[in-house]
Amino acid sequence: MMRAAGALALCAALLAGASSPVQAAPPPKAKLKIVDGMKGGPVKSVWLHCAPVGGTHPNARAACRLLRQVNGEPSQLNVTPKASCTQEIKPHAVVIAGTWYGRKVHWAKFFANACHMQAMTGPVTAL
C-alpha cells in the first residue's frame, strides 16, 4: 500500500511539473537578413542571429564572431585585404539589414565577383 501511495505521489509530481509553462529562449540581440544576388544566377538569403547564435546562416558562429569584431558594421569588414582575385565580371549584390544590439543596420554593396565579395565579407556572406 505504501508503495502504491509513493508511486501515485511521484506521478502527481511529474504531472504537475509537466504542466508548467516552458520557458522560451530569449530573443537574439542581433538579427540580420543577408541577401546575395548574382547577376543571371540565384538569389540566396538567410537569417543570422547572434547572442544567441542561430538562424538559417550555414556558418552563423563564424559570421557572428566576425561581425562582433566590427561592432555589427558590415562596411568595416575587410577580411582579406590583399586577396588575389581574377578580373572576371560576375556581379553580386549584397544586402544586410536588421538590428544589431538595438541599432538598425542597413548595408548594401555591389561586388565584381564572388572572390571580391568573400575577400571583404568572409563568412558573413558565405551563403
Side-chain angles (χ1 to χ4, degrees):
M1 186 72 159
M2 285 299 281
R3 187 184 261 176
L8 194 56
L10 180 60
C11 285
L14 287 174
L15 286 175
S19 65
S20 65
V22 175
Q23 298 238 346
K29 292 183 172 125
K31 187 175 182 180
L32 301 169
K33 177 87 171 198
I34 302 170
V35 180
D36 171 21
M38 184 176 79
K39 185 175 182 181
V43 174
K44 300 175 186 175
S45 68
V46 296
W47 281 100
L48 175 64
H49 299 171
C50 302
V53 173
T56 58
H57 194 288
N59 196 353
R61 190 165 311 284
C64 287
R65 187 177 324 114
L66 189 58
L67 283 167
R68 268 194 305 276
Q69 292 174 5
V70 294
N71 195 28
E73 291 286 346
S75 63
Q76 299 302 308
L77 292 171
N78 196 7
V79 177
T80 313
K82 295 182 181 185
S84 288
C85 293
T86 65
Q87 296 304 312
E88 81 176 320
I89 303 297
K90 287 195 176 178
H92 282 257
V94 176
V95 176
I96 299 176
T99 58
W100 182 265
Y101 290 80
R103 180 178 44 80
K104 288 193 182 291
V105 173
H106 186 65
W107 178 80
K109 184 160 178 75
F110 288 98
F111 295 94
N113 57 47
C115 179
H116 288 280
M117 178 180 72
Q118 289 300 302
M120 181 177 175
T121 62
V124 174
T125 59
L127 313 183

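Computed from a predicted model, the values in this text were never measured in an experiment. Side chains are part of it too, since the values below use all heavy atoms of this structure and drop only hydrogens, waters and symmetry mates.
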Interatomic distance, NE2@His116 vs CD1@Ile89, rounded to 0.5 Å, equals 7.5 Å
- Do Met120 and Leu66 belong to the same hydrophobic cluster, where Ile, Leu, Val, Met, Phe, Trp and Tyr are linked whenever their side-chain heavy atoms lie under 4.5 Å apart, directly or via other members? yes
query: Does the Thr121 side chain pair with the main chain of Met117, one donor and one acceptor, at a distance under 3.5 Å?
result: yes
Between Gln118 and the options Thr80, Asn113, Thr125, the side-chain hydrogen bond (donor to acceptor under 3.5 Å, both in side chains) test singles out Thr125
What one should report as the nearest heavy-atom pair of Ala83 and Ala119 is CB-CB, 3.6 Å
task = May I ask whether Phe110 and Leu77 are part of the same hydrophobic cluster, defined by side-chain heavy atoms of I, L, V, M, F, W, Y residues being less than 4.5 angstrom apart, directly or through others?
result = no
Exercise for the section: May I ask you to test the Ile96-Val94 pair for a side-chain heavy-atom distance under 4.5 Å? Expected result: yes
In short, Cys64 meets Leu48 closest at the heavy-atom pair SG-CD1, 3.7 Å
Taking everything shown except Arg61 itself, do over 12 heavy atoms lie less than 6.0 Å from its CZ?
no
Checklist entry - Is Ile34 linked to Tyr101 within one hydrophobic cluster, defined over Ile, Leu, Val, Met, Phe, Trp and Tyr using a side-chain heavy-atom separation of less than 4.5 Å? => result yes
Using atom types as modelled and distance alone, determine if a side-chain donor or acceptor of Thr99 lies under 3.5 Å from a backbone N or O of Ala30. no
Looking only at heavy atoms, the pair that brings Cys115 and Ser84 closest together is SG-O, 4.1 Å
Output for pair (Lys39 NZ, Lys90 NZ), nearest 0.5 Å, gives 12.5 Å
Given the ring of Trp100, does Lys29 sit roughly above its face, with NZ or CZ under 6.0 Å from the centre of the six-membered ring and within 45° of the axis? no
OG1 (Thr86) and CD (Glu88) are apart, to the nearest 0.5 Å, by 4.0 Å
Spell out, yes or no, whether Trp107 and Trp47 are grouped together once hydrophobic residues are joined by side-chain heavy atoms under 4.5 Å, including indirect joins.
no
field: Flag side-chain contact, heavy atom, 4.5 Å: Ser45 against Lys33
entry: yes
Tightest non-hydrogen contact, residues Val79 and Gly122, listed as CG2-N, 3.6 Å
Lys44 vs Val35 side-chain heavy atoms within contact, under 4.5 Å
no
Q. Would you say His57's side chain and Pro123's backbone share a donor-acceptor pair under 3.5 angstrom?
A. yes
Closest non-hydrogen atoms of Gly54 and Ala60, given as atom of the first, atom of the second and distance, are O-CB, 3.6 Å
Practice problem: Kindly indicate whether the side chain of Val124, heavy atoms from C-beta on, has any atom under 4.5 Å from the side chain of Asn59. | Solution: no
Taken to the nearest 0.5 Å, the spacing of Leu32 CG from Cys50 SG works out to 6.5 Å
